[in-house]
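Read through the structure below, which is laid out as structure tokens, and then see the notes.
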Amino acid sequence: MVDVMAKNYNWRIKRDYYNLINKGIKTLEIRVGYPDIKKVQKGDTITFKDYSNIRFEVVRVTRYEDFPEMLDNEDSSKAIPCVSKYKALEMYQEIYPEDKEALGVYVFELQKQMNDTKIYSLSALVNSHKLF
């Protein structure tokens, strides 16, 4: 059931990372605490600009003080597959300078949303014999 209070956010992401999220290989998206990022809550959905309208449900949001704390508590392979925890730290600190990291590190666990509406509509047609 869709929560009417849930919001959808549209984020930018590199195509390689989007493809990994879409395939279910990358299930964690890591961001720093910009004001719009802090608003995202469990149950909200994320779409990614320029790729599709597929929605990914936020099943968990966890905040950490910095990248080392986050990497001590999260499986880095679910955020950046095939990269060691130490390489992941280096990559995040390259993207986000210290002043941005100081905003806090947010981990969003994502799950691809399945569209039950089409399935339901088809079964409703079959049950009402309007399909044939």
Side-chain angles (χ1 to χ4, degrees):
M1 183 165 177
V2 177
D3 181 357
V4 290
M5 298 301 290
K7 294 183 179 161
N8 183 68
Y9 295 88
N10 197 357
W11 290 352
R12 291 188 183 283
I13 193 170
K14 291 183 177 180
R15 177 166 291 282
D16 291 345
Y17 291 130
Y18 170 77
N19 290 339
L20 291 170
I21 290 172
N22 194 32
K23 291 177 183 172
I25 297 168
K26 175 179 165 51
T27 57
L28 301 180
E29 179 59 15
I30 314 301
R31 303 282 169 129
V32 296
Y34 294 119
D36 58 325
I37 296 299
K38 291 179 178 182
K39 293 177 187 176
V40 179
Q41 298 177 20
K42 179 181 176 180
D44 287 344
T45 56
I46 309 294
T47 50
F48 293 98
K49 292 182 182 184
D50 305 324
Y51 303 122
S52 75
N53 333 345
I54 296 172
R55 290 177 183 241
F56 297 87
E57 182 179 350
V58 177
V59 295
R60 174 175 64 94
V61 179
T62 307
R63 184 192 182 280
Y64 296 101
E65 289 300 313
D66 55 26
F67 291 116
E69 181 188 15
M70 182 270 294
L71 290 166
D72 283 344
N73 291 283
E74 300 287 346
D75 181 350
S76 64
S77 72
K78 292 180 179 181
I80 307 177
C82 303
V83 168
S84 73
K85 176 172 138 174
Y86 304 103
K87 180 64 179 170
L89 176 62
E90 189 178 291
M91 291 169 72
Y92 285 123
Q93 290 178 331
E94 253 179 52
I95 296 167
Y96 299 109
E98 280 183 42
D99 63 319
K100 301 299 182 199
E101 183 178 1
L103 298 172
V105 175
Y106 287 74
V107 175
F108 299 94
E109 185 173 348
L110 304 178
Q111 181 178 330
K112 192 179 211 175
Q113 245 187 3
M114 295 302 163
N115 187 349
D116 293 332
T117 308
K118 290 178 185 169
I119 295 167
Y120 175 76
S121 298
L122 180 58
S123 68
L125 287 171
V126 170
N127 290 338
S128 68
H129 305 290
K130 291 181 182 174
L131 188 61
F132 302 102

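Below, each value reflects all heavy atoms present in this structure, side chains not excepted, and no hydrogens, waters or symmetry copies.
Annotation for Met70 and Val107: closest pair CG-CG2, 3.4 Å, computed over non-hydrogen atoms. What you find for Glu101 and Pro68 is that their closest heavy atoms are OE2-CD, 3.6 Å.
With sequence neighbours excluded, no residue forms a ring pair (Phe, Tyr, Trp, His ring centres under 6.0 Å) with Tyr106. Under the salt bridge (Lys or Arg N to Asp or Glu O under 4.0 Å) criterion, Glu65 pairs with Arg63, sequence neighbours left out. Listed by chain and number, the residues in a side-chain hydrogen bond (donor to acceptor under 3.5 Å, both in side chains) with Lys87 are Glu90 (sequence neighbours excluded). Every residue was checked against the salt bridge (Lys or Arg N to Asp or Glu O under 4.0 Å) condition with Lys38, not counting sequence neighbours, and none meets it. A search for side-chain hydrogen bond (donor to acceptor under 3.5 Å, both in side chains) contacts involving Asp99 returns nothing, not counting sequence neighbours. For Asn19, the side-chain hydrogen bond (donor to acceptor under 3.5 Å, both in side chains) criterion is met by no residue, not counting sequence neighbours. For the salt bridge (Lys or Arg N to Asp or Glu O under 4.0 Å) test, residues two or more places apart in sequence or in another chain that qualify with Arg60 are Glu74, Glu109. A search for side-chain hydrogen bond (donor to acceptor under 3.5 Å, both in side chains) contacts involving Ser77 returns Asp75, not counting sequence neighbours. Residues that satisfy the salt bridge (Lys or Arg N to Asp or Glu O under 4.0 Å) test with Lys100, not counting sequence neighbours, are absent from this structure.
Residue Asp66 holds its CG atom at 8.0 Å from CD of Gln93, rounded to the nearest 0.5 Å. Separation of atoms CD (Glu98) and CG (Leu103) is listed at 12.5 Å; rounding is to 0.5 Å. Once rounded to the nearest 0.5 Å, the distance linking OG of Ser76 with OH of Tyr86 reads 9.5 Å. Rounding to the nearest 0.5 Å gives a distance of 5.0 Å between CD1 of Ile37 and CZ of Phe108.
In this structure the side chain of Thr47 reaches within 4.5 angstrom of the side chain of Asn8, judged on heavy atoms. Annotation: side chain of Leu20 is in contact with side chain of Pro81 (closest heavy-atom distance under 4.5 Å). For the pair Ile13 and Tyr51, the minimum side-chain heavy-atom distance is below 4.5 Å. The shortest distance between side-chain heavy atoms of Thr45 and Tyr9 does not fall below 4.5 Å. Annotation: side chain of Val105 is not in contact with side chain of Glu69 (no heavy-atom distance under 4.5 Å). At least one side-chain heavy atom of Ile80 sits less than 4.5 Å from a side-chain heavy atom of Tyr17. Using a 4.5 Å cut-off on side-chain heavy atoms (C-beta onward), Lys112 and Ile54 make contact.
In this structure, Phe48 and Trp11 have perpendicular ring planes: the angle between them is above 60°, well past the 30° mark. In this structure, Tyr18 and Phe56 have perpendicular ring planes: the angle between them is above 60°, well past the 30° mark.
Within the 3.5 Å criterion, the main-chain N or O of Ala6 finds no donor-acceptor partner in the side chain of Asp44.
Hydrophobic clustering (ILVMFWY, side-chain heavy atoms < 4.5 Å, transitive): Val59 and Tyr64 are in distinct clusters.
Taking the charged nitrogens against the carboxylate oxygens, Lys85 and Asp72 do have a contact shorter than 4.0 Å, which makes a salt bridge.
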Please list, one pair per line, the donor and acceptor atoms closer than 3.5 Å that link side chains of residues 23-36 to other protein atoms, with sequence neighbours excluded.
unit_1 : atom_1 : unit_2 : atom_2 : d
Lys26  : NZ     : Leu28  : O      : 2.8
Lys26  : NZ     : Glu29  : OE1    : 3.1
Lys26  : NZ     : Ala79  : O      : 2.7
Glu29  : OE2    : Arg31  : NE     : 2.8
Glu29  : OE2    : Arg31  : NH2    : 3.0
Arg31  : NH2    : Arg12  : O      : 2.9

